[in-house]
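Okay, so here's the structure we're looking at.
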Amino acid sequence: MPELPEVETVRQTLLKLVKDEVITTVDVYWPKIIKKPDDVVIFQQLLTGQSIVDINRKGKFLIFELDDYSLVSHLRMEGKYGIYSSDTEKDKHTHVIFHFESGRSMHYHDVRKFGTMHLFNKGEAERSLPLAQIGTDPFEPEYLFEEIFPKIKKSSRAIKNILLDQTIIAGLGNIYVDETLFRAKIHPLRSGTSLTETEGQLILREAKDTLAEAVKQGGTTIRSYTNSLGEIGMFQQELFVYGQTGAPCKTCGSEIEKFKVSIVVPTFVQAVN
DNA sequence: CCGCCATCCTGTATGC
DNA sequence: TGCATACAGGATGGCG
């Protein structure tokens, strides 16, 4: 559920809280979250003594830059990081705790346990899965029409599904795809092959603009999302269609209707008029 | 190569 | 009230 703007908000908030912290020990309560290395004990050993130099982001992935390693973290639907004093009890849904020399600790909390962590040697993260397959993020310089539109144009899939495909554009999920297509006035079921260059340019521009506005607002709070200070985002006030089923359209006043784009990648909502 | 689908999870909502 | 079922959703890997 956290998409690019929410992950970016977490990155900025968390960096201020943990920059230069030094990891002493790591507790892992749900080992399946740790995807690499295979052995969780090795994961814990490698992290010991590492300091957090920086936090980067690619699409929806957070990348903790340590002295010798990069820790790639995906929050999936409900993953959250919070900072506490080290004597704070873990709660039911805390699955990983990073203890710091300062006496504070960073808890990874994830009700659905879908989040993932991959630890790589420095420099190897970008060319390894999962990052290796991830496409351009709209805030990277490679976010160019001539790079991306050909990939859209050759796909027979619905444009909504194409925009959700992280190998083509990184960072969009259901919320921002729905908002982008509404703003671009492109129907979500239009096939990639049917889109004109003008429409493609419009979609890519609206995607970036929508994400940029959402980052400014601190993201969108739907259900449980908050940043690492427990703060909610404000972009939900700006939503035209996502979660607006039954509400009047902000541009034409007609009722927002919901329909399913596909079983795997559900729901789009839009106004009828 | 391409697209579809199951899988991983559990809290919340809905149906009977 | 309680139980059963549906639903939400990102990325991966397997299949046709």
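A, B, ... follow the sequence lines: proteins, then strands. Residue 1 opens every chain. As the structure is a prediction and not an experimental result, all values here were calculated from the model. Computation of the quantities below employed the complete heavy-atom set of this structure, encompassing side-chain atoms and omitting hydrogens, waters and symmetry-equivalent molecules.
A close approach under 4.0 Å does occur between a side-chain nitrogen or oxygen of Lys60(A) and OP1 or OP2 of dA11(C). Distances shorter than 4.0 Å separate some side-chain N or O of His93(A) from OP1 or OP2 on dG11(B). Using a 4.0 Å cut-off, some side-chain N or O of Lys113(A) falls inside it from OP1 or OP2 of dT10(B). A sub-4.0 Å separation between OP1 or OP2 of dA11(C) and a side-chain N or O of Lys35(A) is absent. At the phosphate of dG9(C), OP1 or OP2 sits under 4.0 Å from a side-chain N or O atom of Tyr242(A).
For Ser156(A), the side chain to side chain contact (heavy atoms under 4.5 Å, CB included) criterion is met by no residue, not counting sequence neighbours.
For Arg112(A) and dC7(C), the CZ to P distance is 14 Å, given to the nearest whole Å. As a whole-Å value, the separation of Asn174(A) CG from dG9(C) P is 5 Å. Distance His118(A) NE2 to dG10(C) P: 17 Å, rounded to the nearest Å. Atom CD1 of Ile169(A) is separated from atom C1' of dG10(C) by 16 Å (rounded to the nearest Å).
For Glu197(A) and Gln201(A), the side-chain atoms include no donor-acceptor pair closer than 3.5 Å.
Nucleic acid contact for Thr116(A): none, since no nucleic acid atom lies under 4.0 Å from a heavy atom of the residue.
Of the candidate nucleotides dG10(C), dG3(B), dT12(C), dG3(B) has the atom lying nearest to any side-chain atom of Ser155(A). With dC9(B), dT12(C), dG3(B) as the choices, the nucleotide that has an atom nearest any side-chain atom of Pro130(A) turns out to be dT12(C). Among the nucleotides dA11(C), dT12(C), dC8(B), the one closest to the side chain of Gln166(A) is dA11(C). Taking the side chain of Lys258(A) as heavy atoms from C-beta on, and the options dG3(B), dG9(C), dA8(C), the nearest nucleotide is dA8(C).
Both Arg76(A) and Lys92(A) lie close to DNA chain B; mapped to their nearest nucleotides by heavy-atom distance, the more 5′-ward contact belongs to Arg76(A).
For Arg57(A) and Asp137(A), the salt-bridge test passes: some basic side-chain N is under 4.0 Å from an acidic carboxylate O. For the pair Glu126(A) and Lys58(A), the salt-bridge criterion is not met [side-chain N within less than 4.0 Å of a carboxylate O].
Here the closest heavy-atom approach between residue Lys90(A) and residue Lys92(A) is recorded as NZ-O, 4.1 Å.
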